[in-house]
A.B. asks: 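I'd like to ask you about the structure that follows.
The shown structure was predicted, so the numbers you read here are calculated from the model rather than taken from an experiment.
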Amino acid sequence: MEKLNKPTLYWSLLKFKDWNFYIASTSKGLVFIGSQNKPFEELVEWATKHFPGSPLVENAEKLEPFVVEITQYLDGRRKSFTIPFEYVGTPFQQAVWQALCDIPYGQTKSYSDIAHDIHKPAAVRAVGTAIGANPVLITVPCHRVIGKNGSLTGYRGGLEMKTMLLNLEKRASLHIE
C-alpha cells in the first residue's frame, strides 16, 4: 500500500552491451536514469533526497516500456522518446530540461544558448547547475550541451559517456533521416 505523498519508486537494471544503468519510475513516469555502470547506491541516494520515505521496489515488468525505448536509442534506432516522464525539480530546472528536449537529435547547443532559449540570458551558471541536476540522463539530452567554444564540459555520466552519446547520434543521424 502506498503511503500518502510517498509514491512507490519502481526500479530495474537496464543492460545494454557492456553498460548498466539503474532506472526508476513512479506510476506517472520515468524519474531517474543512473550513470553508466554506477552502483545501485546512486539510485538510493537520489531517491532518498527526492522521494524521502518512498519504497524502492524492483519491477522489471513495469520498467519494460522504458527499457525498450532507451535500448532502441542506444542501438541507434530511435531519435526521440514517447515514454512518460515525471520531472522532479524546481520550475526553473524543469524549464531548462524542457529546453534540452527541444535540441534536435544529433545537434548541440551551448549553456548560453539554453539560457537564451528560456529567456534568462544572464542565468548561464544557473542553467549549468540545472543541467547537472537532470535526473533522467539520455532521455532528457543534457549530453547535447557543450561549452560555448565547442568543448565538451561536465556530465553526470562522465565525459566518456557524453562523447559516446554524441558520437552515437552523429552516426545514427546519417542513417535515420
A.B. asks: Tell me whether the rings of Trp97 and Tyr87 are parallel (<30°), tilted (30 to 60°) or perpendicular (>60°).
C.D. replies: tilted
A.B. asks: Side-chain heavy atoms under 4.5 angstrom apart, residues restricted to Ile, Leu, Val, Met, Phe, Trp, Tyr: same cluster for Ile83 and Phe16?
C.D. replies: yes
A.B. asks: Once you round to the nearest 0.5 Å, how far does SG of Cys142 lie from CD1 of Ile131?
C.D. replies: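 Nearest 0.5 Å value for the SG-CD1 distance: 7.5 Å.
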A.B. asks: State whether the side chain of Asp117 and the backbone N or O of Ala99 hold a donor-acceptor pair below 3.5 Å, judged by distance alone.
C.D. replies: no
A.B. asks: Could you go through the side chain to side chain contact (heavy atoms under 4.5 Å, CB included) check for Leu74 and Leu165 one step at a time?
C.D. replies: CA-CA 8 Å; Leu74 292 171; Leu165 294 171; 3.9 Å; yes
A.B. asks: Do the side chain of Thr8 and the main chain of Pro55 share a donor and acceptor less than 3.5 angstrom apart?
C.D. replies: no
A.B. asks: Show the nearest heavy-atom pair for residues Phe66 and Pro84, with the distance to one decimal.
C.D. replies: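 Residues Phe66 and Pro84, closest heavy atoms: CE2-O, 3.5 Å.
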A.B. asks: Starting from Leu63, can I reach Leu56 by hopping between I/L/V/M/F/W/Y residues whose side chains sit under 4.5 Å apart?
C.D. replies: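 Each belongs to a different hydrophobic cluster.
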A.B. asks: Does some side-chain heavy atom of Val127 sit less than 4.5 Å from a side-chain heavy atom of Phe92?
C.D. replies: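 Result yes, sub-4.5 Å side-chain heavy-atom pair found.
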A.B. asks: Is a side-chain N or O of Asp75 found less than 3.5 angstrom from the main chain of Arg77, in a donor-acceptor match?
C.D. replies: no
A.B. asks: May I ask you to test the Arg156-Leu137 pair for a side-chain heavy-atom distance under 4.5 Å?
C.D. replies: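 Yes, at least one pair of side-chain atoms sits under 4.5 Å.
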A.B. asks: Under the 4.5 Å side-chain heavy-atom rule for ILVMFWY, direct or indirect, which residues accompany Val68?
C.D. replies: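 Its cluster partners, ordered by chain and number, are none at all.
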A.B. asks: With rounding to the nearest 0.5 Å, note down the distance linking CG in Leu168 to CE in Met161.
C.D. replies: 11.0 Å
A.B. asks: Between NZ of Lys109 and NE2 of His116, what distance do you get to the nearest 0.5 Å?
C.D. replies: 11.0 Å
A.B. asks: Does the side chain of Thr153 come within less than 4.5 Å of Lys162's, by heavy atoms?
C.D. replies: yes
A.B. asks: When you check the side-chain N and O atoms of Glu69 and Thr82, is any donor under 3.5 Å from an acceptor?
C.D. replies: yes
A.B. asks: For Ser35, check side chain to side chain donor-acceptor pair (under 3.5 Å) against everything at least two apart and list the hits.
C.D. replies: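 Ser35 satisfies side chain to side chain donor-acceptor pair (under 3.5 Å) with Glu42 once adjacent residues are dropped.
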A.B. asks: So, do Thr163 and Glu160 sit near enough that their side-chain heavy atoms are less than 4.5 Å apart?
C.D. replies: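 Side chain of Thr163 against side chain of Glu160, heavy atoms only: no contact under 4.5 Å found.
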A.B. asks: One thing to verify: whether Asp113 and Lys148 come together as a salt bridge, which I'm taking to mean a side-chain N less than 4.0 angstrom from a carboxylate O.
C.D. replies: no
A.B. asks: Under a 4.5 Å side-chain heavy-atom rule over Ile, Leu, Val, Met, Phe, Trp and Tyr, are Val57 and Leu13 clustered together?
C.D. replies: no
A.B. asks: Between Tyr22 and Ser12, do the side chains contain a donor N or O and an acceptor N or O under 3.5 Å apart?
C.D. replies: no
A.B. asks: Applying the ring-ring contact (aromatic ring centres under 6.0 Å, His included) criterion to Phe40, which one of Trp11, Phe32, Phe21 satisfies it?
C.D. replies: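 Considering Trp11, Phe32, Phe21, a ring-ring contact (aromatic ring centres under 6.0 Å, His included) with Phe40 is found only for Trp11.
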A.B. asks: Nearest 0.5 angstrom please: Ile114 CD1 to Asp102 CG, how far?
C.D. replies: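 Result: 8.5 Å between the selected atoms.
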A.B. asks: Would you mind reporting whether Ile118 and Val96 have side-chain heavy atoms less than 4.5 Å apart?
C.D. replies: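 Heavy-atom side-chain distance check passes, below 4.5 Å.
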A.B. asks: Looking at OG1 of Thr139 and CD1 of Ile33, how far apart are the two atoms once the value is rounded to the nearest 0.5 Å?
C.D. replies: 3.5 Å
A.B. asks: Using the rule given for side chain to side chain contact (heavy atoms under 4.5 Å, CB included), can you reason through Glu169 versus His143, listing the C-alpha separation, both sets of side-chain angles and the distance that settles it, and then say yes or no?
C.D. replies: CA-CA 11 Å; Glu169 291 187 7; His143 60 275; 2.8 Å; yes
A.B. asks: Is the distance between the ring centroids of Phe51 and Trp46 under 6.0 Å?
C.D. replies: yes
A.B. asks: Applying the 4.5 Å side-chain criterion to the ILVMFWY set and letting contacts propagate, would Leu9 and Val88 be lumped into a single cluster?
C.D. replies: yes
A.B. asks: Would a 4.5 Å heavy-atom cut-off, applied to side chains only, mark Pro141 and Cys101 as touching?
C.D. replies: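 With C-beta onward as the side chain, the pair touches.
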A.B. asks: Taking the side chain as every heavy atom from C-beta outward, state whether Tyr73 and Ile138 have any pair of such atoms under 4.5 Å apart.
C.D. replies: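 Touching, per the 4.5 Å side-chain cut-off.
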A.B. asks: State plainly whether one hydrophobic cluster holds both Val136 and Val145, where clusters connect Ile, Leu, Val, Met, Phe, Trp and Tyr through side-chain heavy atoms under 4.5 angstrom apart.
C.D. replies: yes
A.B. asks: Give a yes or no on whether the backbone of Ile103 and the side-chain of Arg144 come within a donor-acceptor separation of less than 3.5 Å.
C.D. replies: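 Yes, Arg144 side chain to Ile103 backbone: donor-acceptor pair under 3.5 Å.
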